[in-house]
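This chain uses plain numbering: 1 for the first residue, then up along the sequence. All ligand and atom numbering here is 1-based and tracks the order in the structure. All values reported here derive from a predicted model rather than from experimental measurement. The analysis underlying the following values was restricted to heavy atoms, covering all of them including side chains, and did not include hydrogens, waters or symmetry mates.
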Amino acid sequence: MPKIRVMVTGACGKMGREVVKAVSAQQDMQLVGAVDRTGCGDDIGRVCGLGELGIKVLPTVDEAIKSAKPDVMVDFTVAEAAAANVERAIANGVRWVVGTTGMPRATIDELVDRSKQAGLGGLLAPNFAIGAVLMMHMCRIAARYMPDCEIIELHHDKKLDAPSGTAKATAALVAASGGHSRPSADDEPAARGEAFDGVRVHSVRLQGLVAHQEVIFGGLGQVLAIRHDSLGRESFMPGVVLAVRKVMDLDGPVIGLDKLMGLDS
Ligand code: NAD
């Protein structure tokens, strides 16, 4: 069985370095390429503390695809870069796994369309932590019985987007199950958070945090809080590795790791 050839974009970033390490540790995968706008020319193994791997960081996806011939591109960059990277991956017949958050919905829809037309497997997931996917799934169930809810998401102070992709995805899932927050009045103070799909989201940004979310459901004389904590970036790697394997068998794009875990009903 040939190994899955994996290229990482954003390879020098915090998530990218974890992906490089995770992919390098899999028996059935081979890291073949690394792209980043920083660290170009450096050996990605050295960047990640793995020792020399013989793979230089390249500045563009096109260059890396040409030299590395990957089966799958894994992207953890920034929203604008991710959209362009997926577009190039699809144009070159490379499957894609994207964890980058903050892409506008219209951009995502366009990439999904292109991938569908190309018959090419791909996965975009706002959260690769298996526990977070289960948390969202449980929230969907809770909202059917206790629809009044609000979301508090807490992340490290370097996170660029707010609210998190996970919080927006949770709001959409919960709303689809009938969940909602108290409707906002015109003069509502900002401290009441912002509504997404009718569900209020409160974003906390502090050093010391990694990625956390609590969804609170209120009922008559009772409260249900469902919380997930990612305590380190390695928490996302089992999900990324699962996605890399699964996209090899997909002939179209999928949004959300839950679809690959049989949790979509
Ligand atoms: P980071 O800033 O540490 O890393 C981003 C990397 O992308 C940097 O090395 C940067 O140089 C590189 N980059 C930026 N623009 C580029 C371009 N045009 N071409 C090539 N490289 C480029 O950020 P991070 O903490 O690793 O997070 C990356 C993304 O992953 C964010 O959107 C974050 O929200 C998301 N994230 C998703 C999950 C998930 O489970 N889906 C988990 C954690 C983080």
Side-chain angles (χ1 to χ4, degrees), residues 7-23 33-42 44 46-48 56-65 68 70 73-89 96-104 107-108 111 122-136 153-170 203-205 207 209-213 228-244 247 254-261:
M7 176 182 102
V8 181
T9 49
C12 300
K14 294 183 281 297
M15 287 296 288
R17 290 195 302 265
E18 286 297 328
V19 177
V20 166
K21 287 191 256 180
V23 166
V35 176
D36 205 297
R37 65 180 174 188
T38 62
C40 295
D42 292 348
I44 191 60
R46 282 188 182 279
V47 173
C48 299
K56 298 263 177 271
V57 179
L58 295 175
T60 69
V61 167
D62 279 334
E63 279 174 80
I65 289 178
M73 175 189 81
V74 179
D75 184 286
F76 282 93
T77 56
V78 292
E80 311 77 53
N85 292 346
V86 175
E87 193 271 315
R88 295 315 303 150
W96 49 278
V97 170
V98 172
T100 306
T101 57
M103 272 196 274
T107 305
I108 294 172
L111 294 173
L123 173 84
L124 172 77
N127 201 320
F128 278 100
I130 305 276
V133 176
L134 292 172
M135 175 265 294
M136 287 191 262
E153 59 97 339
L154 312 91
H155 281 82
H156 60 89
D157 58 342
K158 303 283 184 303
K159 185 166 176 62
L160 295 178
D161 51 325
S164 68
T166 301
K168 285 200 264 187
T170 308
S203 296
V204 178
R205 296 289 176 267
Q207 62 173 327
L209 294 169
V210 180
H212 319 257
Q213 178 165 290
H228 175 262
D229 297 277
S230 273
L231 304 174
R233 289 184 175 82
E234 68 276 14
S235 64
F236 303 109
M237 294 308 123
V240 171
V241 165
L242 172 80
V244 168
V247 290
V254 165
I255 307 285
L257 196 62
D258 55 319
K259 310 290 190 309
L260 305 186
M261 290 168 60

Note every protein N or O atom lying under 3.5 Å from an N or O atom of ligand 1, pairing the names and giving the distance.
residue: ligand 1; atom: 3 (O); partner: K14; partner atom: N; Å: 2.9
residue: ligand 1; atom: 3 (O); partner: K14; partner atom: NZ; Å: 3.0
residue: ligand 1; atom: 9 (O); partner: G13; partner atom: N; Å: 3.2
residue: ligand 1; atom: 9 (O); partner: D36; partner atom: OD1; Å: 3.2
residue: ligand 1; atom: 9 (O); partner: D36; partner atom: OD2; Å: 2.7
residue: ligand 1; atom: 11 (O); partner: D36; partner atom: OD1; Å: 2.6
residue: ligand 1; atom: 21 (N); partner: R37; partner atom: N; Å: 3.3
residue: ligand 1; atom: 26 (O); partner: K14; partner atom: N; Å: 3.4
residue: ligand 1; atom: 26 (O); partner: M15; partner atom: N; Å: 2.8
residue: ligand 1; atom: 32 (O); partner: T101; partner atom: N; Å: 3.1
residue: ligand 1; atom: 32 (O); partner: T101; partner atom: OG1; Å: 3.4
residue: ligand 1; atom: 34 (O); partner: T101; partner atom: OG1; Å: 2.7
residue: ligand 1; atom: 34 (O); partner: K159; partner atom: NZ; Å: 3.0
residue: ligand 1; atom: 40 (O); partner: F128; partner atom: N; Å: 2.8
residue: ligand 1; atom: 41 (N); partner: G99; partner atom: O; Å: 3.0
residue: ligand 1; atom: 41 (N); partner: A125; partner atom: O; Å: 3.0
residue: ligand 1; atom: 41 (N); partner: P126; partner atom: O; Å: 3.1

Discussion item. Looking at every heavy atom in both A34 and M7, which two are closest together, and how far apart are they?
Written reply: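 Distance-wise, the nearest heavy atoms are N-CG, 4.4 Å.
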Worksheet item: Under the 3.5 angstrom rule, does the side chain of R17 hit a backbone N or O of C12 as a donor-acceptor pair?
Response: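 Yes; at least one donor-acceptor contact below 3.5 Å.
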Worksheet entry | Main-chain N/O of I44 paired with D42 side-chain donor or acceptor, under 3.5 Å |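 A pair under 3.5 Å: no.
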Discussion item. Is it true that T166 and E153 share a donor-acceptor pair across their side chains at a distance under 3.5 Å?
Written reply: no
Item to complete: Determine whether the side chains of D62 and T60 contain a donor N or O and an acceptor N or O closer than 3.5 Å.
Response: no
Item to complete: Flag the pair D161 and K159 as a salt bridge only when some basic side-chain nitrogen lies within less than 4.0 angstrom of an acidic carboxylate oxygen.
Response: yes
